[in-house]
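Some notes on the structure that comes next.
All chains are named by letter (A, B, ...) in the order of the sequence lines, taking the proteins before the strands, and each is independently numbered beginning at 1.
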Number of protein chains: 2
Amino acid sequence: MEPVQIVPAGHPLVCPGDRPTSSTLLIRGLCARFNLLHDGSRSVTQISVAGDFIDLHSLLMTQMDHGIVAVSECAISKVPHDRIIAVTTRHPHLARLLWLDTTIDAAIHRQWLHRMGTQDAVGRLAHLICEIETRLEVVDEAGPDGFEFPLTQIDLADCLGLSAVHVNRTLMTLRRRELVEWRGGRVRILDRARLWALAEFDPVYLRLEAGPV
Amino acid sequence: MEPVQIVPAGHPLVCPGDRPTSSTLLIRGLCARFNLLHDGSRSVTQISVAGDFIDLHSLLMTQMDHGIVAVSECAISKVPHDRIIAVTTRHPHLARLLWLDTTIDAAIHRQWLHRMGTQDAVGRLAHLICEIETRLEVVDEAGPDGFEFPLTQIDLADCLGLSAVHVNRTLMTLRRRELVEWRGGRVRILDRARLWALAEFDPVYLRLEAGPV
DNA sequence: CGACGTGTTGATGGCGGTCAACTATTGTGG
DNA sequence: CCACAATAGTTGACCGCCATCAACACGTCG
């Protein structure tokens, strides 16, 4: 494994069209996976947290159809593809562990799809906050005093399929209802029970309890 | 591998909460993967066509967070999980092939997410038609005279995150513009160039050209 | 026949997009 | 230190896409 690299916020980690020869393990920070349309519109399809293998896909896909950008300052470590191939060939259960990772990604995607299709703006934003907090708690980056979440409202708009203006109004709603505090890239959940209910959040899909394979 | 089974249209193949001990290979027909919300609302997050391993996830996930239903009459064949584990342990490149399948699923999910977030109803419906036609062509189930696509407009609504009424109006628009013909569960594309342009469809993400691993 | 599911069309209203103006914050150079 | 620019956040006005409700047409099946 290569030594740890520090990547500044806003820096691209993978660009659409790349053919990477290594995959990247995220050690600290937040990344966003995004797709582009020809007209320049951008969708964020996933947020990666510490511990995620952010472009494991590139091991199997010949060419990237999307990009990944650092949202905050990140610590990463690159693992050459041939090394992964070698290790997983020797240890099939490791292959299955990584494969499980891909499967969880897909499950999260399905949840996002579901939210996009059925929930309104308030529900979608609330759900995003719940998901990120839950995932950050696992890696001990979220506690009773909240967590770092330095997305701009423009980034949030791309996550939620909303306009930046409406993200603002939606955030205001959550603040006015005293559900969350959101200042300077830091989020604190004030009333988790009500927020979960509003978001219809149910963490099962994150498979945090997944047993050994 | 178990013998081939025939499943009638509308029949559930996997229910949310199941813990399957085998995965299902779809040999003929169409299936829909769906997520449920507590309030009963349903989202279709994926359409599976012949050749797809429709619940490969269940190999690695302990419990299903979604269901799969037969949309048309389907021919399936179940493969016990221990058999898959055994084969992929012995042949790591087979494991990677199946893993690639999961990766493509995720890529399709990201496309759907992108569409949900950025396109209007006409664009989303057009894109769905393009994607299904392209995937069916590969397995020789779509030709110049169209393809079978027996989704009700209610199913379509769940796919696209629209109301059934608006799906109807949107379909009418595509018909009036003489882009598609849609009668009795059969779809024919009348002007592929214009439909692709309207949908901003670009088949790269389906990775149909993916080389050996 | 009537019941039922699906498809079709009209009327109405709300969520959220768009445009615009303004504020707050940061960083830059003079 | 201040002037200025640039980016992000905030709020208001207006309007369009799409949800909702409702009514009706059509086919299938009991």
Side-chain angles (χ1 to χ4, degrees), chain A residues 8-11 32 37 39-44 69 71-73 114-128 148-177 180-187 198, chain B residues 8-11 32 37 39-44 69 71-73 114-128 148-177 180-187 198:
Chain A
H11 200 266
L37 216 54
D39 64 5
S41 65
R42 193 185 76 143
S43 293
V44 171
V69 63
V71 169
S72 59
E73 185 186 274
H114 192 156
R115 306 296 160 177
M116 285 287 240
T118 59
Q119 284 186 306
D120 63 4
V122 181
R124 296 217 286 272
L125 178 55
H127 193 271
L128 178 64
E148 292 296 324
F149 196 55
L151 295 207
T152 67
Q153 295 185 357
I154 299 171
D155 293 333
L156 285 172
D158 290 339
C159 280
L160 302 170
L162 299 170
S163 69
V165 172
H166 201 69
V167 165
N168 186 307
R169 291 191 223 277
T170 308
L171 232 173
M172 286 303 183
T173 305
L174 292 186
R175 286 202 262 245
R176 230 176 290 115
R177 295 193 198 168
V180 300
E181 213 175 75
W182 191 312
R183 268 201 325 254
R186 191 165 185 88
V187 180
L198 181 66
Chain B
H11 200 268
L37 216 53
D39 64 5
S41 64
R42 195 185 74 145
S43 293
V44 172
V69 62
V71 168
S72 59
E73 186 186 273
H114 193 148
R115 307 294 159 178
M116 284 288 238
T118 60
Q119 285 187 305
D120 64 3
V122 180
R124 296 216 287 270
L125 179 54
H127 193 270
L128 178 64
E148 291 297 323
F149 196 55
L151 296 206
T152 67
Q153 295 185 357
I154 299 170
D155 294 332
L156 284 173
D158 290 340
C159 281
L160 302 171
L162 299 170
S163 70
V165 172
H166 202 68
V167 165
N168 186 304
R169 291 190 223 276
T170 308
L171 232 173
M172 286 303 183
T173 306
L174 291 185
R175 287 203 262 244
R176 231 175 289 117
R177 295 193 198 169
V180 300
E181 213 175 77
W182 192 313
R183 267 201 325 254
R186 191 165 185 88
V187 180
L198 181 66

* Looking at DNA chain D, which of residues 116-126 of chain B put a heavy atom within less than 4.0 Å of it? -> D120(B), A121(B)

* Asked: Taking R42(B) for the side chain and D158(B) for the main chain, is one N or O donor matched with an acceptor at less than 3.5 Å?
  -> no

* Asked: Between W182(A) (CH2) and dA8(D) (C1'), how many Å, whole number?
  -> 14 Å

* To do: Would you classify G184(A) as touching base, sugar-phosphate or nothing, given that sugar-phosphate means primed atoms plus P, OP1 and OP2, and contacts are heavy atoms under 4.0 Å?
  => nothing

* For residues S43(A) and R115(B), determine if any side-chain heavy atom of one lies less than 4.5 Å from a side-chain heavy atom of the other. => no

* **Spacing between L162(A) atom CG and dT10(D) atom P, to the nearest angstrom** => 15 Å

* To do: May I ask you to say what L171(A) touches in the nucleic acid, namely base, sugar-phosphate or nothing, with a heavy-atom cut-off under 4.0 Å?
  => nothing

* Asked: Looking at Q119(B), H127(B), R177(B), which one forms a side chain to side chain contact (heavy atoms under 4.5 Å, CB included) with L198(B)?
  -> R177(B)

* To do: Please determine, for the side chain of I154(A), which listed nucleotide (dA22(D), dA8(D), dC18(D)) has the closest atom?
  => dA8(D)

* Structure fact -> Students should find that the nucleotides of DNA chain C closing off the region near chain A, any atom under 4.0 angstrom from a heavy atom, are dG16(C) to dC19(C)

* To do: Under 4.0 Å between any heavy atoms, over every strand shown, what does S163(B) touch: base, sugar-phosphate, or nothing? Just pick one.
  => base

* **From CG (L128(A)) to CZ (F149(A)), nearest 0.5 Å** => 4.5 Å

* Please confirm whether any donor atom in the side chain of R169(A) sits under 3.5 Å from an acceptor in the base of dG12(D), or the reverse. => yes

* Asked: With a 4.0 Å cut-off on heavy atoms, is G185(B) in touch with a base, just the backbone sugar-phosphate, or nothing at all?
  -> nothing

* Structure fact -> One should read off an interatomic distance between I154(A) CD1 and C159(A) SG, to the nearest 0.5 angstrom, of 12.5 Å

* How many angstroms lie between CZ in R175(B) and CZ in R183(B), if you round to the nearest 0.5 Å? -> 9.0 Å

* Just compare dA13(D), dT10(D), dC18(D) and give me whichever is closest to any side-chain atom of Q153(A). => dT10(D)

* Polar side-chain atom of D155(B) near backbone of T152(B) as donor-acceptor pair, under 3.5 Å -> yes

* Would you indicate what R175(B) reaches in the nucleic acid, counting non-hydrogen atoms under 4.0 angstrom: base, sugar-phosphate, or nothing? => sugar-phosphate

* Could you state the interatomic distance from CG (L156(B)) to CG (L171(B)), rounded to the nearest 0.5 Å? -> 7.0 Å

* Asked: Expressed in angstrom and rounded to an integer, what is the separation of M172(A) atom CE from dG12(D) atom P?
  -> 10 Å

* Evaluate the side-chain proximity of L162(A) to R124(A): yes if any heavy-atom separation is below 4.5 Å, no if none is. => yes

